[in-house]
Amino acid sequence: MIDMEISSEQRQIVDSVQNLLADALPYDRFVPRPTPVPNADRAVFTQFGELGVFGLGLAEASGGVGYSLVEEVLVARECGRFLVSPAVVATMIGVHVAHFAGDRSHAEAMMRGGTPVAPALAFAPAATHFAGKYHLADAEGAEWALLWSEGGLALAHRDSWHGAQNMDSIDSTLTLTRVAVKDIMPPLRVPAANGLWRRAQLLVSAYLTGLAEAALDDSVGYAKVREQFQQPIGAFQAVKHRCADMLTRASVAWNSTIFAALTDQAEGPDADFQAIAAKILASDAAFRNAAVNIQNHGAYGFTGEHHAHLFVKRAHFLDRFGGDATYQKRRMLAANAPSSDAERSSPVDGLAG
Amino acid sequence: MIDMEISSEQRQIVDSVQNLLADALPYDRFVPRPTPVPNADRAVFTQFGELGVFGLGLAEASGGVGYSLVEEVLVARECGRFLVSPAVVATMIGVHVAHFAGDRSHAEAMMRGGTPVAPALAFAPAATHFAGKYHLADAEGAEWALLWSEGGLALAHRDSWHGAQNMDSIDSTLTLTRVAVKDIMPPLRVPAANGLWRRAQLLVSAYLTGLAEAALDDSVGYAKVREQFQQPIGAFQAVKHRCADMLTRASVAWNSTIFAALTDQAEGPDADFQAIAAKILASDAAFRNAAVNIQNHGAYGFTGEHHAHLFVKRAHFLDRFGGDATYQKRRMLAANAPSSDAERSSPVDGLAG
Amino acid sequence: MQIEFTSEEMAFRAEARCWLRANVPAGERPIHSDRALDIREFDLEWQRKQFEAGWAGISWPSEYGGRGVSLIEQLIWHEEYARAGAPRAGSCFVGLSHAGPTLIARGTPEQQAFHLPRILRGDTVWCQGFSEPGAGSDLAALGTRAEIDGDELVVNGAKIWTSYAAIADYQELLCRTEAGSRKHSGISWVICPMDTPGIELRPILTMVGPNDFHFCQVFYNDVRIPLANVVGEVNDGWNVANATLGFERGTGFVADQIQNSELVERLIAMARGRCGLDGLSPAIDDGDFASRLAMSRAEMAGVRAMTYATVSRAANANPGPEGSLVKLFFSEASQRLRRLGVDLLGPEALELSSDAGLTTPYLRSYAASIGGGTSDVQRNIIAERVLGLPRAPRP
Amino acid sequence: MQIEFTSEEMAFRAEARCWLRANVPAGERPIHSDRALDIREFDLEWQRKQFEAGWAGISWPSEYGGRGVSLIEQLIWHEEYARAGAPRAGSCFVGLSHAGPTLIARGTPEQQAFHLPRILRGDTVWCQGFSEPGAGSDLAALGTRAEIDGDELVVNGAKIWTSYAAIADYQELLCRTEAGSRKHSGISWVICPMDTPGIELRPILTMVGPNDFHFCQVFYNDVRIPLANVVGEVNDGWNVANATLGFERGTGFVADQIQNSELVERLIAMARGRCGLDGLSPAIDDGDFASRLAMSRAEMAGVRAMTYATVSRAANANPGPEGSLVKLFFSEASQRLRRLGVDLLGPEALELSSDAGLTTPYLRSYAASIGGGTSDVQRNIIAERVLGLPRAPRP
């Protein structure tokens, strides 16, 4: 069974999320104002909660909706497309961390969307513990921060954020806060060996893929209507070929992400390998498509009046969440190849080897 | 005085070399034959000698023509354009090595073109001596090999080539011979500190630039006449823009090479820096233009019936001569920057700092 | 969504793996074209061996003698095929993947009965006659003409880039049967016996090596072919040629993809084992090699995900222009990988036949973005047919 | 061929260096546009300082009050200027590099006598009014119209991407004075006082930061400008605008180039000093940073060589389309370099105002391949005007 097509049930989930986002969080919420206005996306987190976004992949017995990682990936991709605060991704993951750590009440509060979780971007993602310096993204109003290092994933309550300092953010729609965490091993945590980091990695990859896809859509839409030299710019081969390359990258990113998610679901021996590859490809697609999209828009793309720049800036945030491309490439080389000899020598394998 | 334009006297030198090459060594000497035919370029080396190619940059008092490195660079560039055996470059350099080593009679024999010098591509260019394994390019009929390492430059007589072994060459128009050299310090040598290595580096860069330029010319010529979909392919923006990028790279390569040569002539403190930069840029231009030229020709470019592939293959040889791009990048980082504080603090400098 | 193999599929994999490991030819496939007959014999023998064991025509329906397995089993087969180091189909490729499937789709019972068994059991070699000198990416500019003279076609013209023309028994030949027709109309798809008088071959040297005459130019001088050799309707050849486009629905290049994945692993091992420039630390610590290796590893994982997605989509719909995405990405990623291989290899890369065996395929990789539709053509297809961008103005 | 400075040139360098080191403003140039008047005052004060010391109008002929030095000395000046860390000309740029030179080339004695001294001595700020909404790369699609009404022009329309419009005294304004004219004909070049009634500004936020209103859109609603403000002939504005195209003959961006060269050096030092991912070895040992740094170092050396070549060529001939080569290469190499900077910086790159000061210019670098003619436009110019490739078919 190789089924990478979105089922009709999954399509319904995607549609309902898209409807909510198109309604509550359209791009024009980023219309520039004289003074920077951070996003107010957390105002709709309770609506997300009601829709089941935050408990999507948690078993019903645990209070969740009972779908899987795959459905979470589909939702995270839409969040990337709509440039939703990455706190949405951190909250989705946070629910699992709280659940695994046995804290049902906090898990439930997060699922309701009442206690947003801010992504914590580690200054040193290669550390095997959690103490250290972090950047929190969109932490205003957040109750928790999601720490992520080679030690695994952990939730740090806002009371444990030391020396919080607001910095000018590269993305003025996301606040940026420097904090120090002193707990080597916070109580609510999941060790890396558990594999939850893969879920986190794939939600981040899905968000990055959403950025890459939305940048493509933005370019294609513009190329069809914007005229130069009496023809739509999409008729120029240079623009046309750039759009084709954007689709290629977005398609590679998406298929790698969903393939990795399905591998994780099937407990394939190459789940780590695929999750790392997906992040590298999704991050590359997001950065490059975002830059090309600005170029395709010309001077307009360079303004703050259009949202093209936000795809670039969000890519910088998400790239760092869980460790940036430099770090991921190092992990890619350290991972075990999918077609290892061990797998080969087994006459029958559970997953395509 | 900033004069990077070719003077009328220099133009005459270039013209006479071009005339000889167009006459004696046209591209159609590479018409494919059922069995590989190495080039017979050395047959015209005595004509090169008569024209003064090999003694061009040596002082008249030393038996040379009395021009400078700049004129040698101009000639090496033409040799690259015409895909002349790289032994021509090695022989040009060999004359200087023999001269500096005080061996006038060998220098004179080389100048006459009677004793070709084969380029020796070191397996370990970072060695500070000369013993080791080398590939000789086009060594059949050569009297000497030009060794090149961080120890400097040296001439190894063919009697000192140990265990010579002919290998199948990536470029069937150039024989490839593995040899071992046992002399740590051969008698005819010039230490690196002398700076002659820069001259060698710039002749190689000029040859690589010639490859990049000839690949461009080949593409532009083809794009103007080859029709697809009822128009010359040069009207397609994809082809057009690739050609523009080819010219940009070739232009950067050429200007960097000649700038480095002039800096060397003026004994600028940044002569090393510029010579390394020139090699990196020229090598990059040669490889990329050669590959794009094949692409621009479509299936025809992939054949051995057209000479497009030889630009790629020559680029591999020349890239390795004096150390490949990986090695040059390392040296680039180790070099002193042109605008060092030392230079800045001097109120007046002899060369643009 | 799910990727999990059924027990039947797992059993199929086990069976395929087991048989392949035991039966893959031990010797190297000849590559130089001065040994063309050796190549023919090698390829046909390997095909016969597969036929005898029931593996021939893995993608063919069983009613035509094929193995008749599902698309997923075909994917599994190609994966195992590549991992077992089985030789490429070579001169049997056109018969198995183009000509045979076309006959299945559009041939008469007589054409099928004669040709299909011969292809499957390794009796005949086919070649392709689509591209023409001067036509390049513009296939509709086809100019080889065939006049109908009684019950024969009289063919005049030339084809180019025909692989294995010198050892083929038959050719799938596209020619213009309606004088004055333009573009895609008036073309017929014809079975051309290669021993017909009037056919002449000119081998074309590739850039790969001094004996690599992989392609031929084929000249037709009053070549008389029975009208009964037309497949499908006369003048409907364009549709006939396209009948097989989606035949293998994305699995056609799985073996190549697996080979490239294995190449990445080999290069990583090589970079760990070889010394870098300083002669001390491994090459993987050197410059940008680590980064390029990691990127290639990720890219090849991406290619595999793309292929699985294609196979998944093919279960529900006919393959569309999306195939161009895989082709574009795979060909360019392969070229990066092949270049990385020779860069890592260093000095030995200048040796065409070095033990590492990286130089020849590196040179061959220059064709990846040209053959089967150039990358420019793929980008045009993606932009115009997938994204719906306007076609460029035509003069 | 030669690159060796004369003793006069060396003396000039010494003098420029000495004066610049002593006089470059100590404070940072304001950057946020909510401090627009501070910016104006800062720029004009620095211009006045240069004027008083005799350095104003380095590229202007001495008969018009400029320094009147040779092209090579201009190059030297810009090199020393950048190395001394002197602030960019900012709001004085258009007056010094476009409007002033245009008046020198085509202005009446009265226009020259009034405006040139004011520009030089730092009294007036000029802005540009060439680009229009919707016109983009297609400058000939200019639609702002000016009707002649007695001895006045009545201007209606809109311009866009006008830097410093809010603090400028004058604008060099291109408008269509011949109704119904197309492309490059029927356009006039007009001195537009920015305090004329009917002019309205809309600041445009850039992607660089929340207060970076670098550009304005400028609306003209029955703006009455004396006909005497037309520079050159009425309807000859396209030629007037192009009169200055080659004015600085390649030296216009020398300071930017030097700044980028210095940035490479700073990044190399930073990569040597900062720890990489493992917290132990320096970042320069990490992944592909070393390779990217080396390449950027070489590329910036290449840019400098290109500029020297341009200056050298300008001594003999008017600058041609070759300027596009430098622009194309420099803008893309700068973007690679700026991206490398934030990659090396790592976490702090997310901070717009971090001490390293790398993020803001990184964001600004996205404009490098757009402003002053997109990279696509540069490639078209190179292909069509330098290489002579056919123009694409126009509908």
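Hydrogens, waters and symmetry mates play no part in the numbers below; they use all other heavy atoms, side chains included. Here is the naming used below: chain letters follow the sequence lines, and residue numbers restart at 1 for every chain.
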Looking at chain C, which one of [options] has the largest number of heavy-atom pairs inside 4.5 Å, strictly under?
options                                : answer
B:Lys133, B:Met167, B:His309, B:Gln295 : B:Gln295
B:Glu227, B:Lys329, B:His316           : B:His316
B:Ala137, B:Ala122, B:Gly298           : B:Gly298

Roughly how far, to the nearest 0.5 Å, is the [atom2] atom of [Y] from the [atom1] atom of [X]?
X        : Y        : atom1 : atom2 : result
B:Ile170 : C:Glu348 : CD1   : CD    : 12.5 Å
B:His297 : C:Ile370 : NE2   : CD1   : 10.5 Å
B:Thr303 : C:Phe213 : OG1   : CZ    : 11.0 Å
B:Glu305 : C:Phe215 : CD    : CZ    : 11.0 Å
C:Leu352 : B:Leu176 : CG    : CG    : 10.0 Å
C:Asp376 : B:Phe236 : CG    : CZ    : 9.5 Å

Would you mind checking which part of B:Ala291 comes under 4.5 Å of any heavy atom in chain C, side chain (CB onward), backbone (N, CA, C, O), both or neither?
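Contact with chain C: backbone and side chain both.
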For B:Tyr134, is it the side chain, the backbone, both, or neither that has a heavy atom closer than 4.5 Å to a heavy atom of chain C?
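Interface part for B:Tyr134: neither.
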Under the criterion ring-ring contact (aromatic ring centres under 6.0 Å, His included), I'd like the reasoning laid out for B:Phe302 against C:His214: C-alpha separation, chi angles, the key distance, then a yes or no.
CA-CA 11 Å; B:Phe302 181 69; C:His214 183 76; 8.2 Å; no
Given side chain to side chain contact (heavy atoms under 4.5 Å, CB included), test B:His306 with C:Met207 step by step and report yes or no.
CA-CA 9 Å; B:His306 187 64; C:Met207 67 174 275; over 6 Å; no
Select one option (side chain, backbone, both, neither) describing which atoms of C:Ala367 are under 4.5 Å from chain B's heavy atoms.
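Both parts, backbone and side chain.
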By a 4.5 Å heavy-atom criterion (distance strictly below it), what part of C:Ser353 contacts chain B: side chain, backbone, both, or neither?
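Both backbone and side chain.
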Within a radius of less than 6.0 Å around [atom1] of [X], do more than 12 heavy atoms belonging to other residues, nucleotides or ligands occur?
X        : atom1 : answer
C:Phe253 : CZ    : no
C:Arg272 : CZ    : yes
B:Glu150 : CD    : yes

Pairwise side-chain contact, C:Pro347 with B:His135, heavy-atom cut-off 4.5 Å (strictly under):
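Heavy-atom side-chain distance check passes, below 4.5 Å.
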Name the member of C:Arg202, C:Arg379, C:Gln335 that forms the most heavy-atom pairs with chain B at distances under 4.5 Å.
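Heavy-atom pairs under 4.5 Å are most numerous for C:Arg202.
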Ring-face cation contact, B:Phe287 with C:Arg339, 6.0 Å cut, 45° max
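The answer is yes; both the distance and angle limits are met.
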Would you find a donor on one side and an acceptor on the other, under 3.5 Å apart, between the side chain of B:Lys313 and the backbone of C:Leu350?
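Judged by distance alone, no pair lies under 3.5 Å.
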